[in-house]
Amino acid sequence: MSNELTRRTVLRRAAAAGLLATPAAGLLSACAGSDSSSDKGTGDTGTKSNDNPFGVKDGSTVKVVVFDGGLGTDYAKKDVTIFNAKHANVTVNQSATQKIKTQEQPKMATTPSDLINNSGADIMDTSTLISENAIQSLDDLLDAPTWDGTGKIRDSLLPGTINDGTFNGKFYTLKYAYTVWGMWYDAALFEKNSWTAPKTWADFFTLAPKIKAAGIAPFVYDGVHGYYPRWHIMTTVWNAAGKQAVVDIDNLKPDAWKAAGILEGLQNIEKMVKDQLILAGSSGLNHTQSQQAHLDGKAAFIQLGTWYKNEMAKTLPPAFKLTLSNYWDVASPKAAGAVYAGAGEDWVVPAKAENAAGAKEYLRAMLSTEGAGAFASLTKSLASVKGSGDKVDDPALASANSLMKGAPADLVSFRFPDFYADYDKESQNLAEDLMAGRTDAAGFVTKMQAIADKISKDSSIKKQTRAN
C-alpha cells in the first residue's frame, strides 16, 4: 500500500529490478524525450468545468487495469458505478490481472492503458517509468476539486500520501490504499492464556518461552518475498536510530548504515532467529502460506499490513480475533512507539494514455467519499482519504485505527526501494538471509552499506533525494 507503503507498498516490487533486463525495456525507452509533465495523451477532451475539471469527453472510453491481489477487485467495480453516475456516456473498460509488468510494460511506448494499478510482484519499476518519461505527473489531480465539491483533492488525503508519491518534486503516483503495518495476533488466544501483547522486544523475549510451552511458535513470516521482512527490519531501524538515520540511508549518505543504534536494534531480530522463536520452515513459506499458518494457530505473531483480513477472509476461523499491535520497541529507542503506516497500491497514468482526462477523472471518483468508504468497507483497509474508515464496523480495522490515533507525527517511511531497483532487489535478498540465519545483523548492515556505496559511486544511475 508503500514508502514501502510503497504494499504492495500491498505485493509491490519483487520483480521490479528485472525491468531493465526485459525485452520490453527497449519499448519503454522509446518514451524517452517526451515531457511527462505536459504530455497529456493523444485523445481529445471535452468541455472543462468544476464538475469535470479534466474535460473527460462524452462517448470516450477509459481503459483501467486493476491489480488482482489481496485487496481484491470489488472496490474497483464499485468505482465504475460511481464514475458512471456522473459520466453516463463514458465507457469504463476495466480489467484485472496479477501480471502488471508482463501485460502493460510492452505497451507503454505505443498504446498503453489509460490508468494502471501498478502493484504486485510483477510490478513496473517506478523510478524507471519516471526517468524514461513513461508516466505523467499528477500534480493537476492534487489541485482538482474533490468529487464531492468540498475543497481540493490534496487537502482530502491522509498524511504521507503526497510525499510518498512524489519524485524529484513532482507527484507521479497515487498511492490509494492506506496501510497500517504491525504485529498481528489472535486476541482470543491471548485472553485464553492470560498473555499480554508485547510492547517491547524485551517483553517479547519474556513471553516467547510461554508461547513455546503451549506448543506454538512465537513468530512466522513470509520467507519468499523479501520485502515482507524488510518492513519489519526498516521499522526497527527507524525505531532504534531515528528518522534522520533512515533519511540518510535513502539519500545514500556515506556510512548511513553505521548510524548509532541500527546494529543493536537489528540484533533483536538476529536473537529471535538464533533462539529458534520462528516457526520451522518459515523461510520456504510465501505470504498466504505464512498467514494461513498463523490463522491455523501454529504461530502467535505475524507482521504485515491491514490487507491481511481481506486477503485471508475465506479461511479466517470465526473465533479468531484478528488484532493489530505495534512493532516492538528496542531498548533505548530514538523513535519510541514508531508507527509504520502510509499509502500504497500505486496508480499511474501513462504519458501516452489516449484518454488521460478520463483516467484522472476516474481517480477523482476513487477519491470520493463514497469511493473511499466503499474501499474501506470491502477491503477492511483504509483508503488514503481522510475519514474513509469512519463508518466501517470491523474489529481488525478498529485495532489499526486505534494504533494510528496514538501514532507519532513522523510515520516510518523509507524510499530507497522506490529510488533504486538494484537497492530494492539486494535489500530483499539480504532481508531473507537475515531472517533465515544465513547472515547476522552485523553482516546485514555491512552488506547493505556496500550496496549503497556501489550505487552512490555509479555515475550512470540518476540519484534521487528525499527532504524529510
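Predicted model, so just to flag it, every value in this text is computed and none were measured. Atoms considered below: every heavy atom in the structure, side chains included; atoms not considered: hydrogens, waters and symmetry mates.
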Chemist: What residue pairs, at least two apart or across chains, pass ring-ring contact (aromatic ring centres under 6.0 Å, His included) with a residue in residues 234-275?
Modeler: Trp257-Phe444

Chemist: Using 30° and 60° as the class limits, which term best fits the ring planes of Phe301 and Tyr185: parallel, tilted or perpendicular?
Modeler: tilted

Chemist: May I ask you to test the Trp201-Lys271 pair for a side-chain heavy-atom distance under 4.5 Å?
Modeler: no

Chemist: Quick one: are Ile153 and Asp143 in side-chain contact, heavy atoms under 4.5 Å?
Modeler: no

Chemist: Parallel, tilted or perpendicular for Trp231 and Tyr227, by the 30°/60° rule?
Modeler: perpendicular

Chemist: Tell me, do Lys212 and Leu277 make a side-chain contact under 4.5 Å, heavy atoms counted?
Modeler: yes

Chemist: State, without any angle test, whether Tyr327 and Gln303 hold a side-chain donor-acceptor pair at a distance under 3.5 Å.
Modeler: yes

Chemist: Going by atom types only, do Glu432 and Ser283 share a side-chain donor-acceptor pair under 3.5 Å?
Modeler: no

Chemist: Does this structure show an ion pair linking Lys99 with Glu104, if we count only N-O contacts that are shorter than 4.0 Å?
Modeler: no

Chemist: Are any of the side-chain nitrogens in Asp440 or Lys274 under 4.0 Å away from the carboxylate oxygens of its partner?
Modeler: no

Chemist: Quick one: does NZ or CZ of Arg415 land under 6.0 Å from the six-membered ring centre of Phe167, within 45 degrees of the ring axis?
Modeler: yes

Chemist: Check the side chains of Thr102 and Asp122 for a donor-acceptor pair under 3.5 angstrom, ignoring hydrogens and angles.
Modeler: yes

